[in-house]
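Working notes for the structure below.
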Amino acid sequence: MEIIQIVGIGIIATILAVLLKQERPEISLQISIVTGLIIFIFVISKLSYVIKVLSSLAQRIDIDFIYFSTILKIIGIAYIAEFGAQISRDAGEETIASKIELAGKILIMALSVPILLAVLDLILKIMP
């Protein structure tokens, strides 16, 4: 099971990071970043599988590709912003982490405007 490997890597990295945090905080931060990247590499194949399944589902129900790609971009922005914010928090930079989250939310809002307009247009067409 992959989750056992991922949790094992996470626990080992956490122990190493905690042990090194007092003497070598820069190495502790590097361990956190590398561990995050390793875990991301572990799950990237699963993520590509999910994208393929969602893409085939979108084609079967005839969703416009622009809306589907926008939704995937929004999901990607959310995950990347969360990952960056957590790395900043690990480094003790709460202010930078909150700015990363704010930027992610603004980008998501900007990308979602066309979908919102399409939904509103559909509602207006349905109403008599």
Side-chain angles (χ1 to χ4, degrees):
M1 292 180 61
E2 293 174 351
I3 190 65
I4 294 173
Q5 294 173 332
I6 291 170
V7 171
I9 290 169
I11 290 172
I12 291 169
T14 301
I15 292 169
L16 286 173
V18 168
L19 291 175
L20 292 172
K21 193 170 222 161
Q22 297 294 337
E23 297 176 24
R24 304 287 302 264
E26 68 279 356
I27 293 178
S28 176
L29 177 62
Q30 291 172 353
I31 289 172
S32 295
I33 293 171
V34 168
T35 302
L37 291 174
I38 290 171
I39 291 171
F40 182 72
I41 290 169
F42 260 99
V43 297
I44 196 77
S45 65
K46 302 298 181 194
L47 185 61
S48 66
Y49 171 74
V50 169
I51 291 171
K52 287 178 188 175
V53 169
L54 290 176
S55 179
S56 68
L57 179 65
Q59 288 175 348
R60 277 193 282 163
I61 59 175
D62 198 30
I63 293 178
D64 193 359
F65 185 73
I66 291 176
Y67 299 129
F68 179 71
S69 65
T70 302
I71 291 170
L72 287 180
K73 288 176 188 177
I74 288 171
I75 293 169
I77 289 171
Y79 279 119
I80 292 169
E82 178 65 23
F83 185 71
Q86 289 302 326
I87 288 175
S88 295
R89 282 193 183 89
D90 288 346
E93 296 295 331
E94 183 67 34
T95 306
I96 295 173
S98 64
K99 300 303 184 266
I100 291 171
E101 288 174 340
L102 177 65
K105 290 173 185 176
I106 291 171
L107 289 172
I108 287 170
M109 194 175 1
L111 276 176
S112 65
V113 169
I115 295 174
L116 180 63
L117 291 174
V119 169
L120 289 174
D121 188 44
L122 182 63
I123 290 171
L124 290 174
K125 286 180 182 177
I126 293 173
M127 295 178 74

task: Answer yes or no: does atom CD of E26 have more than 12 heavy-atom neighbours from other residues, nucleotides or ligands under 6.0 Å?
output: yes

message: Just verifying a value: how many Å separate S112 OG and Y67 OH, rounded to the nearest 0.5 Å?
response: 12.5 Å

- prompt: Are I61 and L122 connected, step by step, through hydrophobic side chains (Ile, Leu, Val, Met, Phe, Trp, Tyr) whose heavy atoms are closer than 4.5 Å?
  reply: no

- prompt: Can you hop from V18 to L29 via hydrophobic side chains spaced under 4.5 Å?
  reply: no

message: Between K99 and E93, does the salt bridge (charged side-chain N to carboxylate O under 4.0 Å, His left out) criterion hold? Intermediate values first, please.
response: CA-CA 10 Å; K99 300 303 184 266; E93 296 295 331; over 6 Å; no

message: Show the nearest heavy-atom pair for residues G104 and A81, with the distance to one decimal.
response: CA-CB, 4.1 Å

message: According to side-chain contact (heavy atoms from CB on, under 4.5 Å), who are the partners of I38, at least two apart in sequence or on a separate chain?
response: I9, V34, F42

task: Give, for atom CE of M109 and atom CG of L107, the distance between the pair rounded to the nearest 0.5 Å.
output: 9.5 Å

message: To check you understand the geometry: which heavy-atom pair defines the closest contact between I31 and A13, and what is its length?
response: CG2-O, 3.7 Å

query: For V43 and I6, what are the C-alpha separation, side-chain angles and deciding distance, and is it a side-chain contact (heavy atoms from CB on, under 4.5 Å)?
result: CA-CA 9 Å; V43 297; I6 291 170; 3.8 Å; yes

- prompt: Any chain of hydrophobic side-chain contacts (each under 4.5 Å) joining V7 to I15?
  reply: yes

message: Quick check against the 3.5 Å criterion: does S28 have a side-chain atom that pairs as donor or acceptor with the backbone of R24?
response: no

message: Could you measure the distance from the OG1 atom of T35 to the CD1 atom of I87? Nearest 0.5 Å is fine.
response: 10.5 Å

message: I'd like to know whether CG of L37 has more than 12 heavy-atom contacts from other residues, nucleotides or ligands below 6.0 angstrom.
response: yes

query: Can you hop from I71 to Y79 via hydrophobic side chains spaced under 4.5 Å?
result: yes

query: Hey, what do you get for CG (L111) to CG (L72), rounding to the nearest 0.5 Å?
result: 11.5 Å

query: Honestly curious: do I126 and V119 fall in one hydrophobic cluster under the side-chain, below-4.5 Å linking rule?
result: no

query: How close do A17 and S32 get, heavy atom to heavy atom, and via which atoms?
result: CB-OG, 4.3 Å

message: Would you say that I66 contacts P114 through its side chain, given a criterion of any heavy-atom pair below 4.5 Å between the two side chains?
response: no

Linked hydrophobic residues, Y49 as query - side chain contacts closer than 4.5 Å: V53

message: side-chain contact (heavy atoms from CB on, under 4.5 Å), that's the test. Do I33 and D90 meet it? Break it down for me.
response: CA-CA 9 Å; I33 293 171; D90 288 346; over 6 Å; no

message: For the residue pair Q86 / E82, report whether a side-chain donor-acceptor contact shorter than 3.5 Å exists.
response: yes

- prompt: Within the side chain of T14, is there an N or O that forms a donor-acceptor pair under 3.5 Å with the backbone of G10?
  reply: yes

query: Out of curiosity, I100 CD1 to T95 OG1, how far, rounded to the nearest 0.5 Å?
result: 11.0 Å

- request: Hey, could you give me the CD1/NZ distance between I27 and K21, rounded to the nearest 0.5 Å?
  value: 14.0 Å

